[in-house]
Novice: 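Next up is a structure, given as structure tokens.
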Amino acid sequence: MLDIKLIREQPEAVERALAQKGGAELIKQILEVDGERRRLIKETEDLKALRNRASEAIGLAKRKGEDASAEMAKMREVADRVKALDGELKTVDERADELLVQVPNIPHPSVPPGKSDADNVEVRKWGAPRRLDFTPKPHEDVGEALGLLDPERGVKLAKSRFTVMWAGAARLARALAQFMLDLHTREHGYTEIWIPNLVSGATMLRAGQLPKFEEGLFKTIDADEGRTLYLIPTAEVSLSALHSGETLSEASLPLRYTAFSPCYRREAGTYGKDMKGIYRQHQFEKVELVKLATPAQSYDELESMVANAETVLQRLNLPYRVVERCIGDLGFSGAKGYDIEVWRPHMEKYTEISSCSNYDAFGGRRADIRYRPAGGGRPEFVATLNGSGLAVGRTLIAVLENYQQADGTVMVPEALRPYAGGLERLTAHR
RNA sequence: GGAGAGGUGGCCGAGUCGGCCGAAGGCAGCCGCCUGCUAAGCGGUUAUACGGUCAAAAGCCGUAUCCAGGGUUCGAAUCCCUGCCUCUCCGCCA
């Protein structure tokens, strides 16, 4: 959510900043509704002030035993008027909010222009794609041939986009998660947090998932209470809403949190896309990174967050590149962001495995998280950042594809072996 | 699932028959004084949001906030209703 004051005071600047991202056309409407809102506030509050003074006088008069019925009758009318105005104001407030939450974040000046991911800018590359002396297969072929990935059983148990993982694949997934958490907590200074995977609508709202993205979420009904809880599509939801409503001290920032969680996504509107393998599933696991920082710190924190995610791939010796997202690919809340893309041998190209974003104060304002500046003064909104560090399923894909051998087996990356009980090679299951 | 208790400022806690309650008192915090040091003592001070005023900030004025939403009333922390949350005991349970 943008600051209404910024829109009010510099509407042209905001419109210009949003020209490429969209939402500029909302600004004029917002100004109109905001003006109406302020007129109503003035009117109601003046009336309330009148009422408060009169009520005090009435109380005083009554205590003296004087008759105040004339004044009371007058105030009855004022009270009715106040009630009517309060109703109007509520409507206008809702309208103003409704418009304001539709305005996307303003991109940081350093963000490259562009319309789609095709315009993203490569920042750096790491690792050389290894040369294989055979034709590399996609992970689903590698995994299914070994009996480790089992889409048929996933569909039988649930529906499409669910895949059962057997033996070595299941073990490797668990090892990956453990490895990533240890790395981030021991070497990168993140605090590991266990969070609810089912959250209320209010939490989804604060995390920016509702009302816009409801069609992407799985809902559950608590039968006894008839209440809706949502399955989280990412631990970011719980982590970024963790401190909502709180005022933190500047000294405590930046806060660096990590959480391992399952993620549930309906993937509505992606029919037919990525149907093979486990690239796009309804349920997957992810180690998430979230930071709360001052806006001034946040751009450095974004760089270090990307570096933290990159370290995972470096330790696994998986070639990747980092691209900076252009304005059109930033997403609704992003002020600046990077994607990390991992090498896919059979495709001979890089595909996304992590996405790190700085939402700046836009995220803090929506989640209602402030900090009190060290030098004193009014609380300010924190900047929120998030990134995947990394998605377990997609990392497993990268391992299966990059470590596949001519005989169909898959070597286990050295860094993972201690976490996989010394397992060195994935071989056929049964 | 059964029975009961309760939600007040950073924390503890008082609020009488509804008015003078943004809310006593204490603690913690901040500023100053005092004091060989420490401890104690003395005085002052300490919420947030929104609106108005102002070139802007400060300040000032106003409105709202005693879990949330409704209601009664000229007026509600205080009365009524609904919801949410917390706690205690019993039962069940990984």
Side-chain angles (χ1 to χ4, degrees), chain A residues 1-11 13 30-101 194 196-206 210 221-230 241-252 262 361 364-382:
Chain A
M1 189 158 59
L2 282 183
D3 188 352
I4 180 69
K5 282 185 202 144
L6 182 69
I7 295 175
R8 203 183 283 158
E9 284 159 19
Q10 304 176 44
I30 288 174
L31 286 176
E32 231 167 80
V33 175
D34 182 54
E36 174 65 10
R37 179 175 159 269
R38 287 195 285 168
R39 269 193 298 283
L40 276 173
I41 287 174
K42 182 89 177 85
E43 195 180 346
T44 4
E45 293 193 346
D46 285 351
L47 270 184
K48 283 181 183 172
L50 173 71
R51 181 187 66 185
N52 288 349
R53 279 195 301 274
S55 294
E56 207 173 310
I58 289 169
L60 223 65
K62 279 196 149 182
R63 226 165 307 120
K64 285 192 215 151
E66 294 167 5
D67 173 55
S69 50
E71 193 67 6
M72 280 164 65
K74 208 190 295 174
M75 283 307 116
R76 229 182 309 255
E77 282 170 34
V78 171
D80 286 345
R81 180 82 187 120
V82 165
K83 194 173 285 182
L85 283 170
D86 271 341
E88 274 180 60
L89 185 57
K90 197 176 168 189
T91 312
V92 172
D93 264 341
E94 280 164 8
R95 176 81 187 124
D97 272 353
E98 197 180 296
L99 288 170
L100 197 58
V101 298
W194 187 97
N197 301 145
L198 283 164
V199 302
S200 65
T203 297
M204 282 296 181
L205 204 68
R206 282 192 283 262
L210 289 178
I221 309 285
D222 184 324
D224 288 339
E225 304 179 39
R227 198 163 29 157
T228 303
L229 287 175
Y230 296 86
L242 195 63
H243 288 293
S244 74
E246 299 178 19
T247 302
L248 310 165
S249 72
E250 180 171 351
S252 69
R365 195 172 296 110
R366 185 177 52 207
D368 189 26
I369 306 171
R370 290 159 222 267
Y371 71 96
R372 194 173 293 282
R378 308 233 156 261
E380 310 271 354
F381 288 108
V382 301

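Within every chain, numbering begins at 1; the chains are lettered A, B, ... in the order of the sequence lines, protein sequences first and strands thereafter.
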Novice: Could you tell me the separation between the CG atom of A/Leu89 and the CD atom of A/Glu94, rounded to the nearest 0.5 Å?
Specialist: 10.0 Å
Novice: Give me the distance, rounded to whole Å, that separates B/U45 from B/C50 when you measure between the C1' atoms they each carry.
Specialist: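 25 Å, rounded to whole Å.
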Novice: Salt bridge check, A/Arg370 against A/Asp368: does any charged N sit closer than 4.0 Å to a carboxylate O?
Specialist: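 Looking at A/Asp368 and A/Arg370, the cut-off is met.
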Novice: How would you label the contact of A/Ala49 with the nucleic acid (heavy atoms, under 4.0 Å): base, sugar-phosphate, or nothing?
Specialist: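 Sugar-phosphate only.
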Novice: Both distances below 3.5 Å, Watson-Crick or wobble geometry, any strand: find the nucleotide opposite B/A94.
Specialist: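 Paired with B/A94, as far as the under-3.5 Å criterion goes, is no nucleotide at all.
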Novice: Under 4.0 Å, counting only non-hydrogen atoms across every strand here, what does A/Ile58 touch: a base, just sugar-phosphate, or nothing?
Specialist: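 The answer is base, as A/Ile58 lies within the cut-off (heavy atoms under 4.0 Å) of a base atom.
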Novice: Could you report the tightest heavy-atom contact between A/Asp86 and A/Lys48, atom names first, then the distance?
Specialist: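 Minimum heavy-atom separation between A/Asp86 and A/Lys48: OD1-NZ, 3.4 Å.
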Novice: Could you work out which one of B/C50, B/A49, B/G75 sits closest to the side chain of A/Pro379?
Specialist: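 Closest nucleotide to the A/Pro379 side chain: B/A49.
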Novice: To the nearest Å, how far apart are A/Met72 CE and B/G75 C1'?
Specialist: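 Answer to the nearest Å: 9 Å.
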Novice: What is the separation between atom CD on A/Glu246 and atom C1' on B/A49, rounded to the nearest whole Å?
Specialist: 18 Å
Novice: Expressed as a whole number of Å, how far does the P atom of B/A5 sit from that of B/A94?
Specialist: 31 Å
Novice: Return the value, rounded to whole Å, for the distance between atom CD of A/Glu45 and atom P of B/G62.
Specialist: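 Distance check: A/Glu45 CD to B/G62 P gives 12 Å.
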Novice: Verify the contact: side-chain N or O of A/Arg63 to OP1 or OP2 of B/C20, cut-off strictly under 4.0 Å; return yes or no.
Specialist: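 A/Arg63 to B/C20 OP1/OP2: no side-chain N or O under 4.0 Å.
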Novice: Once you apply the 3.5 Å cut-off to both distances, tell me the Watson-Crick or G-U wobble partner of B/G9, or none.
Specialist: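 Pairing partner: none.
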Novice: Roughly how far apart, to the nearest Å, are B/U8 and B/U86 at atom P?
Specialist: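 That atom pair is separated by 14 Å.
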Novice: Should B/A14 form a Watson-Crick or G-U wobble pair with both distances under 3.5 Å, which nucleotide is its partner?
Specialist: none
Novice: Distance check: side-chain N/O of A/Arg51 vs OP1/OP2 of B/A64, anything under 4.0 Å?
Specialist: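 Checking B/A64 against A/Arg51, a side-chain N or O does come within under 4.0 Å of OP1 or OP2.
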Novice: A/Arg365 side chain to A/Met1 main-chain N or O, any donor-acceptor pair under 3.5 Å?
Specialist: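 Flag set: sc A/Arg365 to bb A/Met1 pair under 3.5 Å.
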Novice: Rounding to a whole Å, what distance do you find between A/Asp46:CG and B/U63:C1'?
Specialist: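 Result: 9 Å.
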Novice: Between B/A47, B/U63, B/A49, spot the one nearest the side chain of A/Arg372, thanks.
Specialist: B/A47
Novice: Taking atom C1' of B/G52 as reference, at what distance in whole Å does atom CZ of A/Arg38 sit?
Specialist: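 So the two atoms are 10 Å apart, to the nearest Å.
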Novice: Which base sits across from B/A23 as a Watson-Crick or G-U pair, both distances under 3.5 Å?
Specialist: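 When the pairing criteria are applied, nothing turns out to pair with B/A23, so the answer is none.
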Novice: For atom P, what is the distance between B/U65 and B/G71, given to the nearest Å?
Specialist: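 After rounding to an integer number of Å, I get 14 Å for this pair.
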Novice: In whole angstroms, how far is the P atom of B/A55 from the CD atom of A/Glu9?
Specialist: 14 Å
Novice: Taking B/U72 as the reference, what is the distance to B/C79 when you measure between their C1' atoms (whole Å, please)?
Specialist: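 Straight-line distance between the two C1' atoms is 8 Å.
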Novice: Would you mind pulling out the nucleotide paired to B/G4, Watson-Crick or G-U wobble, both distances under 3.5 Å?
Specialist: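 The answer is B/C87, by the H-bond criterion.
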Novice: Can you tell me which nucleotide in B/C74, B/U48, B/C50 comes closest to the side chain of A/Arg378?
Specialist: B/U48
Novice: Please report the C-alpha distance between A/Arg38 and A/Arg8 in whole Å, then the side-chain angles of each, then the deciding distance to 0.1 Å, and finally whether the side chain to side chain contact (heavy atoms under 4.5 Å, CB included) criterion is met.
Specialist: CA-CA 12 Å; A/Arg38 287 195 285 168; A/Arg8 203 183 283 158; 3.4 Å; yes
Novice: With rounding to the closest Å, how many angstrom separate the P atoms on B/G83 and B/C74?
Specialist: 28 Å
Novice: Going from CD1 on A/Ile30 to CG on A/Leu2, what distance comes out if it is rounded to the nearest 0.5 angstrom?
Specialist: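 If I round to the nearest 0.5 Å, the distance is 8.0 Å.
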Novice: Hunt down the Watson-Crick or G-U wobble partner of B/G41, both distances under 3.5 Å, from any strand shown, or write none.
Specialist: B/C33
Novice: Starting at OG1 of A/Thr203, measure out to CG of A/Leu242 and round the result to the nearest 0.5 Å.
Specialist: 10.0 Å
Novice: Hey, does A/Lys74 reach any base, or is it just sugar-phosphate, or nothing, if we go heavy atoms under 4.0 Å?
Specialist: nothing
Novice: Could you measure between the two C1' atoms, the one in B/A47 and the one in B/G43, and give it in whole Å?
Specialist: 23 Å
Novice: Measure from the side-chain heavy atoms of A/Lys42 and tell me the nearest of B/G51, B/U63, B/A49.
Specialist: B/G51
Novice: Scan every strand shown for a Watson-Crick or G-U wobble partner of B/A58, both distances under 3.5 Å, and answer none if you come up empty.
Specialist: none
Novice: Can you check the distance between B/G26 and B/G9, where both ends of the measurement are the C1' atom (answer in whole Å)?
Specialist: 13 Å
Novice: Hey, does A/Arg53 reach any base, or is it just sugar-phosphate, or nothing, if we go heavy atoms under 4.0 Å?
Specialist: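 Nothing, no heavy atom under 4.0 Å.
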Novice: Let me know the distance between CG of A/Leu50 and P of B/U63, rounded to the nearest Å.
Specialist: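 Computing the A/Leu50:CG to B/U63:P distance gives 10 Å.
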Novice: Return no unless some side-chain N or O of A/Lys83 is found under 4.0 Å from OP1 or OP2 of B/U72.
Specialist: yes
Novice: Do A/Glu98 and A/Arg95 come close enough that some side-chain heavy atom pair is under 4.5 Å?
Specialist: yes
Novice: When you check the phosphate oxygens OP1 and OP2 of B/U73, does a side-chain N or O of A/Arg76 lie under 4.0 Å from one of them?
Specialist: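 It does not, given that no N or O in the side chain of A/Arg76 lies less than 4.0 Å from OP1 or OP2 of B/U73.
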Novice: Quick one: on RNA chain B, does A/Thr44 or A/Glu71 contact a more 5' nucleotide (nearest heavy atom)?
Specialist: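 Result: A/Thr44.
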Novice: Toward the 5' end of RNA chain B, which comes first, A/Glu56 or A/Arg8, by nearest nucleotide?
Specialist: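 Whichever sits nearer the 5' end wins; that is A/Glu56.
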Novice: In the strands shown, is B/A68 matched to any nucleotide by a Watson-Crick or G-U wobble pair with both distances under 3.5 Å, and which?
Specialist: B/U82
Novice: For A/Asn52 and B/G19, what is the distance between atoms CG and C1' respectively, to the nearest whole Å?
Specialist: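 Distance check: A/Asn52 CG to B/G19 C1' gives 11 Å.
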